[in-house]
Enquirer: 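Structure below; questions to follow.
Lettering of chains follows the sequences in order, A, B, ..., and the numbering in each one begins at 1.
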2 protein chains.
Amino acid sequence: MSLPPDHPVCDGRTRDADLLLAARGERVTRHPIWFMRQAGRSLPEYRKVREGIDMLDSCLRPELASEITLQPVRRHGVDAAVFFSDIVVPLRLAGVDVDIAPGVGPVMGAPVRTAADVAALPELEPDALTPITEAVALTVAELGSTPLIGFAGAPFTLASYLVEGRPSRDHLVTKALMHGDPDTWNALLAWTARISTAFLRAQAMAGASVLQLFDSWAGTLSLPDYERFVAPHSTAVLAGIEDLGLPRIHFGTKTSDLLLAMRDCGADVVGVDDRTPLATAINRLHASVPVQGNIDPALLFTPWETLREHVQGVLDAGRLAPGHIVNLGHGVPPATNPDVLTRVVEYVHADPVR
Amino acid sequence: MSLPPDHPVCDGRTRDADLLLAARGERVTRHPIWFMRQAGRSLPEYRKVREGIDMLDSCLRPELASEITLQPVRRHGVDAAVFFSDIVVPLRLAGVDVDIAPGVGPVMGAPVRTAADVAALPELEPDALTPITEAVALTVAELGSTPLIGFAGAPFTLASYLVEGRPSRDHLVTKALMHGDPDTWNALLAWTARISTAFLRAQAMAGASVLQLFDSWAGTLSLPDYERFVAPHSTAVLAGIEDLGLPRIHFGTKTSDLLLAMRDCGADVVGVDDRTPLATAINRLHASVPVQGNIDPALLFTPWETLREHVQGVLDAGRLAPGHIVNLGHGVPPATNPDVLTRVVEYVHADPVR
């Protein structure tokens, strides 16, 4: 099943957008930039439309999800929209009892820790994805030549929420399960990989031009653990969307030792967090793939001259890679002044490409 | 001021304990092992004596702190006691308004974020340390040939608590302060370095045979940020205790890219967390110093055969360093079965040294 002919990449609307050029390692007209979590609490217009509406509910109302997705594009002039959703949305759509507790994060009705728990996980029916495909279609109709990035949580990150039952700092139960009962672990990750793949494919078919796999928690693992217990499943996801021909970005935080392994899962672009200097990351990747990142979000709270110098350093380092999509090294902090983000976009766009 | 003649290292009680031999890179009789946070919630005898007593209060009652320090030595037969305290204890003793909120961690009455806030910080008077030196003396009198490890929080970790006001995952305010107002930052870290140094020296003079500097949060920083904003201050602490001639262990989590910089602060032993395979860490340190670590705490919750293989792997890797102190890669999780820890100690002690 390939993309429909009216898909923005197929009909040419986004095919040569700077974001896609950079992701393919081709010459750009301006440095493309977007911000992870750009559609969110830093924007007053977001807080207004979300008022009184639960997080997961807002992801599942197509008009609202589309409006939220479009807000930062209108405001900042970024080079991409990123679909407003949450990595646990496909779990909810599959029928898993999950909620997002304000100030906490995803909380499961019951953790998934045994072979029986895994066997009892429901499959994600294609029809359940209708609110997603509707929202994507609405959004793409508005975006014109600005590409939409679809995304999904990677198998490990989804599994860690399922196993721990809630956000965890040390992932002790998750790591005990992978080492202590690898069969159950692999069955669980095969399930989360199917969920991720289906969620990404639905967004792509409905009009997303780029796909990002978020492994938010991968950095909690050592390289040997990542390679043994996680990489095969992330590889399955990235292989499962390869036929679409859309750029695949692979990102996690605290992944300085995992960058090459994350590339080797089949990524076209590797996202870099702010703990690894971009030049170091490119060096570890042997400058073999385009990179995305990695303005330190903390610098958004410093005087402009300090931030400007930092952004310039990121732009300069990015030239060492075959392509560079400018982004933060992590999501936009809720307390960010949105005017600062707009100023960063203007600065990055004004920097000459060489 | 050098150590008193009745100090356990000077009078010979602990001078050639395996822990000190390993820290000096000399031949040991058995692999020395202890566990970070071994005196704590995993032990029923600890939960019993702490019942109804606030965390910081229990650190400041000499008999109680001493009893808690001795409990894991009696139970597990570990090669060292680690002084029961908390990295914020010296802040409290200096007169800073700090408490440890159960389930949260250290919480400040008011965060320290401006030059005026830093200027208003009180100095730590030597007399204020009496509860610490009393507890250490009581403990050392019981320990005989088992060394006591004194410790302190490193300047960055202390500062991050002061700046954020409470535990933080992303340290945005801390990082914004260091970049945006380096003068205030350096004044604050000079203050925390004095506090750390005084706290370590007090424990040493009262009888601690080894000193560990904990930089729990250093791994949140990139290497350039660590080198520019943190390393000079940690160097000041380690230089400030060098004359004592006791082994200095330097430890943080998520420090895979910082290990060499942490050694270069003046560490005699570098602690390694469980995210970096021990052989990788030793390689990054050019096998130039003894190491401490790094059994993955999550493996304590797996079947014995899985844990045993993992511990053996750590022991085997440790032989690549000039010396190896066996430990976890992080603190003992509260839910740990203490019998598992005892079994690990027995296993490690039975492994022949080559």
Enquirer: Could A:R319 and A:D351 be called an ion pair, given the rule that one side-chain N must be under 4.0 Å from one carboxylate O?
Expert: yes

Enquirer: Contact part of A:D296 toward chain B, heavy-atom cut-off under 4.5 Å: side chain, backbone, both or neither?
Expert: side chain

Enquirer: Supply the atom-to-atom distance B:Y161 OH to B:F156 CZ, rounded to the nearest 0.5 angstrom.
Expert: 10.5 Å

Enquirer: Output yes when a side-chain donor or acceptor of A:E164 lies under 3.5 Å from a complementary backbone atom of A:T174, and no otherwise.
Expert: yes

Enquirer: Salt bridge check: are B:D257 and A:R275 linked by an N-O gap of less than 4.0 Å?
Expert: no

Enquirer: With A:V112, which of A:T184, A:L162, A:T192, A:L177 fulfils side-chain contact (heavy atoms from CB on, under 4.5 Å)?
Expert: A:L162

Enquirer: If you look only at pairs with a residue in residues 324-335 of chain B, which of them pass as a side chain to side chain donor-acceptor pair (under 3.5 Å), with sequence neighbours excluded?
Expert: none

Enquirer: In Å, rounded to the nearest 0.5 Å, how long is the span from CZ of A:R41 to CZ of A:R47?
Expert: 9.5 Å

Enquirer: Write out, in numerical order, the residues from residues 332-339 of chain A with a heavy atom short of 4.5 Å from a heavy atom in chain B.
Expert: A:P333

Enquirer: Just how far is it from atom CE of B:M178 to atom OG of B:S160, taken to the nearest 0.5 Å?
Expert: 8.5 Å

Enquirer: May I ask you to name which of A:T280, A:L221, A:T276, A:T220 has the most heavy-atom pairs under 4.5 Å with chain B?
Expert: A:T220

Enquirer: With sequence neighbours left out, what residues match B:P224 under side-chain contact (heavy atoms from CB on, under 4.5 Å)?
Expert: A:P277, B:S222

Enquirer: Please work out whether the ring planes of B:W217 and B:H171 are parallel, tilted or perpendicular, with thresholds of 30° and 60°.
Expert: tilted

Enquirer: Below 4.0 angstrom, N of the basic side chain to O of the carboxylate: do B:D225 and B:R228 qualify?
Expert: no

Enquirer: Anything in residues 300-312 of chain A with a heavy-atom distance to chain B below 4.5 Å? Please list those residues in order.
Expert: A:F301, A:T302, A:P303, A:T306

Enquirer: Which of the residues B:P297, B:A298, B:S256 is involved in the greatest number of heavy-atom pairs with chain A at under 4.5 angstrom?
Expert: B:A298

